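Here's the structure we're looking at; comments come further down.
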Protein chains: 2
Amino acid sequence: MKAGTDLAQIGSLVGDPARANMLAALMGGTALTASELALEAGVTLPTASAHLAKLGEGGLVSVARQGRHRYYALADHSVAAMLENIMGVAATLGPKRVLPGPRDKAMREARVCYDHLAGEMGVAMLDSFVGRGLIRVDGEQAEMSEAGASYFAGLGIDLDAMGRKRRPMCRTCLDWSVRRSHLAGGLGAAMLERIQAKGWARREKDSRVVRFTPMGRREFEMMLRG
Amino acid sequence: MKAGTDLAQIGSLVGDPARANMLAALMGGTALTASELALEAGVTLPTASAHLAKLGEGGLVSVARQGRHRYYALADHSVAAMLENIMGVAATLGPKRVLPGPRDKAMREARVCYDHLAGEMGVAMLDSFVGRGLIRVDGEQAEMSEAGASYFAGLGIDLDAMGRKRRPMCRTCLDWSVRRSHLAGGLGAAMLERIQAKGWARREKDSRVVRFTPMGRREFEMMLRG
DNA sequence: TTCATACTTCGATCGTAACAAAACTATCTA
DNA sequence: TAGATAGTTTTGTTACGATCGAAGTATGAA
């Protein structure tokens, strides 16, 4: 009985179209203001404000005030993973699943999940790291090997700074499009950051799609080969 | 935008208290009739019927007619995993989390997840199998090694019959209480079945809790040690 | 200061979805 | 066959929550 209450609480938060659209927008990882989210959800500011208050109370989003702006973001990695999971079920479930359009194809290939790379390329990346013994995976947990530490440091990632943060460095996140894991956590975020900084890929405007340049793709694949 | 619609669709299905209670009850793995679910949700039969129709349309539950009875069950393993995930987020999220009661303790230790063993003991079981090289895990996927095949056959599990079914034999499922994986899939179901058949444990009435006898616990731990 | 921007709170309206009672259908039992 | 049990459909009521406009608060800019 109580289990049902918990389910219903989260479900009803996610179950409203306006709120769902806001959450989907926040899956992009960038924090957004109330006005932006109102636009995204197609409602006026007052309604958006009410929705965001509920999402905040429910613990699904966090808010950071910055002057007269309020930046909203998903509260937690676990919330992002949950939303991914729900979207995955929705994708496989509906009887009315037509063949995926080109946009969906790009989404399956490479997209942002909260703050790290997801999709086939994200999965391939974790596969490569595991196969080369740089990372060990155990369920949602993961850890870096000695070899991994020197490898990632060599890529220019500041492991010391990352180690000091509370956030776990290595995590995995289940990918709905492939139903396999990709790299999340601080390291996952850092890798995505590197990929963009090197100009291998860039975020598509107003979407979660990550677009690799032809050159970037080659470089990426070379990295995976070691 | 469309991503939000998908989210909202599932969310609103789960978001109704009556439906959420039904789904929670079905997490126990046993198929239930409409009347039983009505009782569980605290609504009259007509209302329950309407709710079940919606859940069916939404693809979250499946129905099997048997004479004048209609047995409802979760549609799919992925639905069960999604609900587990949501419950996990709810458990860590709520600001009003008091210290877990004894019931919660039993739930964390050993419970049924759809049709297999979850909780600390479920996680320990998968750990043992992986550590002894009987099973290899890759994300949500998993597979049995040669050694594993002969080992599980030795436990009296009919692998041939299982292999013929469409359902994958080995899967993993993320455990919300421990945030690590436990064994699911056909093999997971078969193991739970063996545990109960040997009298090591039995289901608690009207709950997902699996209660091990002192003797059963010893035998179980001996099995894990190999 | 004064004005503009970003957001929240209030108040009223409106739809929708949950609900139960009663009537209906289908299956089993005697 | 008649009666009982299991479940669905229909109908009308009710209530909750999403919505917006208008007014209120806080922050920044001129």
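Computed from a prediction, not measured in an experiment: that's the story for all the values here. Proteins come first, then strands; the chains are lettered A, B, ... in the order of their sequence lines, and each starts at number 1.
Checking dA18(C), dA20(C), dC20(D) against every side-chain atom of His51(B), the shortest atom distance belongs to dA18(C). Of the listed nucleotides (dT8(C), dT9(D), dC19(C)), dT8(C) has the atom at the smallest distance from the side chain of Ala34(A). The listed nucleotides are dA18(C), dT9(D), dT19(D); the one nearest the side chain of Val43(A) is dT19(D).
Look at CZ on Arg65(B): it is 15 Å from P on dT25(C), rounded to the nearest Å. Put simply, CD on Glu36(B) is 16 Å from P on dT5(D), counting in whole angstrom units. If you measure from atom CD of Glu57(B) to atom P of dA17(C), you get 12 Å, rounded to the nearest angstrom. Distance CG (Asp16(A)) to P (dT16(C)): 14 Å, rounded to an integer number of Å. The separation between Leu55(A) atom CG and dG17(D) atom C1' is 14 Å, rounded to whole Å. Protein atom CG of Leu52(A) is 10 Å distant from nucleotide atom C1' of dC7(C), rounded to whole Å. Taking atom CE on Met22(B) and atom C1' on dG7(D), their separation rounds to 13 Å, with Å as the unit. Leu45(B) has its CG atom 12 Å from the P atom of dA21(C), to the nearest Å.
Residue Lys54(A) places at least one side-chain N or O closer than 4.0 Å to OP1 or OP2 of dA18(D). Contact annotation: Thr47(A) side-chain N/O to dT19(D) OP1/OP2 distance is not under 4.0 Å. Checking the phosphate oxygens (OP1, OP2) of dA6(D), no side-chain nitrogen or oxygen of Ser35(B) falls inside 4.0 Å.
Electrostatic pairing of Glu143(B) and Arg171(B) does not count as a salt bridge here, judged by no charged N lying under 4.0 Å from a carboxylate O. Taking a cutoff of 4.0 Å between a charged side-chain nitrogen and a carboxylate oxygen, Arg217(B) and Glu109(B) qualify as a salt bridge. Ion pairing between a basic and an acidic side chain is recognised when a charged N comes within 4.0 Å of a carboxylate O; Glu84(B) and Arg111(B) show such pairing. Taking the charged nitrogens against the carboxylate oxygens, Arg108(A) and Asp175(A) have no contact shorter than 4.0 Å, which rules out a salt bridge.
Contacts of residues 66-76 of chain A with DNA chain D (heavy atom under 4.0 Å): Gly67(A), Arg68(A).
Under the side-chain contact (heavy atoms from CB on, under 4.5 Å) test applied with Leu60(B), the options Leu52(B), Leu83(B), Val79(B) reduce to a single match, Val79(B).
When every heavy atom of Ala184(A) is checked against every heavy atom of His116(A), the shortest pair comes out as CB-CE1, 3.4 Å.
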Val63(B)/Tyr71(B) under side-chain contact (heavy atoms from CB on, under 4.5 Å): CA gap, chis, key distance, verdict = CA-CA 6 Å; Val63(B) 65; Tyr71(B) 285 96; over 6 Å; no
